[in-house]
Amino acid sequence: MKKAYLYIIVLIVTAIDQLTKFYFTHNYPLGISTPVIKNLFHITVWRNSGGAFGLSFISPVIITIITAVVSIALIILMHTWSARLGLALALILSGSLGNLIDRIRLGYVIDYIDLRIWPIFNVADIAITAGMILLFYQILFSKKNDKSTG
């Protein structure tokens, strides 16, 4: 995949994340759960000032700094790692930037997807998770394939 396309992916996923957060914060009350599929999928707008899954043992300022550093590292890695890993890195970067924008602009991250069995999350979190899964898959299976072809 051409590296220029990766930045388009980053822009699109980050924009979707920010647009959905804007929509839900302006159309749903904070902290009130609205069932979409009762007991399975709800919209619950929440302000997450902690880290992943609402963990709050690290200062929000430290989390913001770490997220900014990770985002910069991901941009560098996108230029140095193989194109095979590019999509995974682009997804992780998209999620990182989406949540970083919230932290800088608001001081917390907007979450709204509530599956009742998992902490409330958002599109940025989905992008990070999908990117990490894809990254692990690529690393595990590309090494196996490289050994068999070389």
Side-chain angles (χ1 to χ4, degrees), residues 1-31 33 41-147 150:
M1 177 176 285
K2 291 185 180 183
K3 298 202 180 196
Y5 292 130
L6 298 177
Y7 287 104
I8 294 170
I9 291 168
V10 170
L11 288 172
I12 290 170
V13 174
T14 304
I16 291 169
D17 174 67
Q18 290 297 298
L19 289 171
T20 55
K21 289 173 179 176
F22 179 85
Y23 173 80
F24 288 112
T25 57
H26 287 84
N27 291 289
Y28 289 82
L30 180 67
S33 190
F41 172 52
H42 292 226
I43 299 298
T44 307
V45 177
W46 193 252
R47 294 176 180 168
N48 178 1
S49 58
F53 310 118
L55 300 175
S56 58
F57 57 88
I58 300 174
S59 157
V61 173
I62 300 295
I63 293 170
T64 302
I65 292 168
I66 291 170
T67 304
V69 169
V70 167
S71 296
I72 292 167
L74 286 166
I75 292 168
I76 293 167
L77 288 173
M78 281 174 53
H79 287 283
T80 59
W81 283 16
S82 72
R84 278 188 311 203
L85 300 175
L87 178 60
L89 295 174
L91 289 171
I92 297 166
L93 178 59
S94 301
S96 179
L97 290 175
N99 285 339
L100 180 61
I101 290 167
D102 284 4
R103 289 187 191 289
I104 291 170
R105 190 171 65 87
L106 305 168
Y108 51 84
V109 173
I110 297 293
D111 290 326
Y112 53 87
I113 301 170
D114 184 358
L115 299 180
R116 298 299 187 177
I117 59 168
W118 197 256
I120 303 168
F121 58 99
N122 58 43
V123 169
D125 299 332
I126 294 169
I128 292 168
T129 303
M132 291 300 294
I133 291 168
L134 185 57
L135 181 64
F136 288 134
Y137 178 84
Q138 288 288 345
I139 290 170
L140 290 173
F141 292 105
S142 68
K143 286 185 178 186
K144 190 174 188 179
N145 290 338
D146 289 345
K147 288 179 184 174

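Note that the numbering runs from 1 along the sequence shown for the chain. Note: hydrogens, waters and symmetry copies are ignored here, and every other heavy atom, side chains too, is used.
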Just do the side chain to side chain contact (heavy atoms under 4.5 Å, CB included) check on Asn27 and Phe22 with the steps written out, would you? CA-CA 9 Å; Asn27 291 289; Phe22 179 85; over 6 Å; no
Which pairs pass salt bridge (Lys or Arg N to Asp or Glu O under 4.0 Å) with one or both residues in residues 67-82, sequence neighbours excluded? none
Tell me, please, which residues at least two apart from Tyr112 pass ring pair (Phe, Tyr, Trp, His ring centres under 6.0 Å). Phe24
Might you point out which heavy atoms bring Gly131 and Ala88 nearest each other, and give the distance in Å? O-CB, 3.4 Å
Please list, chain by chain and in numerical order, all residues satisfying ring pair (Phe, Tyr, Trp, His ring centres under 6.0 Å) with Tyr137, sequence neighbours excluded. Phe141
Any side-chain donor near an acceptor of the partner, Ser49 and Arg103, under 3.5 Å: no
How far does CD1 of Ile101 sit from OG1 of Thr67, to the nearest 0.5 angstrom? 12.0 Å
Is there a side-chain contact between Ile92 and Leu135, using heavy atoms and a 4.5 Å cut-off? yes
Asn122 to Ile110 - nearest heavy-atom pair and separation: ND2-O, 2.9 Å
Heavy atoms of Leu74 and Ser96 approach each other most closely as CD1-CB, 4.4 Å
Calculate, to the nearest 0.5 Å, the distance between atoms OG1 and CD belonging to Thr20 and Gln18 respectively. 8.0 Å
Does Leu30 have any side-chain contact (heavy atoms from CB on, under 4.5 Å) partners at least two apart in sequence or in another chain, and if so, which? Val45, Arg47
With the side chain counted from C-beta on, respond yes when Phe41 and Leu115 share a heavy-atom pair under 4.5 Å apart, and no when they do not. yes
Rounded distance [0.5 Å steps], OG in Ser71 versus CG in Leu97: 4.5 Å
Might you point out which heavy atoms bring Thr44 and Ile120 nearest each other, and give the distance in Å? O-CG2, 3.5 Å
Could you name each residue pair satisfying salt bridge (Lys or Arg N to Asp or Glu O under 4.0 Å) that touches residues 17-28, not counting sequence neighbours? Asp17-Lys21, Lys21-Asp102
Apply side chain to side chain contact (heavy atoms under 4.5 Å, CB included) to residues Val10 and Leu6 and explain how you reach the verdict. CA-CA 6 Å; Val10 170; Leu6 298 177; 5.5 Å; no
Would you compute the distance between atom OG of Ser33 and atom OH of Tyr28 and round it to the nearest 0.5 angstrom? 10.5 Å
Can you tell me how far CD1 of Ile139 sits from CG of Leu85, rounded to the nearest 0.5 angstrom? 6.0 Å
Is any side-chain heavy atom of Leu87 less than 4.5 Å from a side-chain heavy atom of Leu134? yes
Quick check: closest heavy atoms across Ala127 and Gly95, and the distance to 0.1 Å? CB-N, 4.1 Å
In the structure I gave you, are the side-chain heavy atoms of Ile9 and Val13 within less than 4.5 Å of one another anywhere? yes
Side chain to side chain donor-acceptor pair (under 3.5 Å) between Asp125 and Asn99, worked out: CA-CA 8 Å; Asp125 299 332; Asn99 285 339; 3.0 Å; yes
Please test Tyr108 against Asn48 for side chain to side chain contact (heavy atoms under 4.5 Å, CB included), starting from the C-alpha separation and ending with a verdict. CA-CA 5 Å; Tyr108 51 84; Asn48 178 1; 5.8 Å; no
CG-OG1 distance between Asp111 and Thr25, expressed to the nearest 0.5 angstrom: 12.0 Å
Quick one: list whatever passes side-chain contact (heavy atoms from CB on, under 4.5 Å) with Phe136, sequence neighbours left out. Met132
Ile75 versus Leu93: any side-chain heavy-atom pair under 4.5 Å? yes
Show, in sequence, the C-alpha distance, side-chain angles and deciding distance for Ile126 and Ile113, and conclude whether the side chain to side chain contact (heavy atoms under 4.5 Å, CB included) test is met. CA-CA 10 Å; Ile126 294 169; Ile113 301 170; 3.8 Å; yes
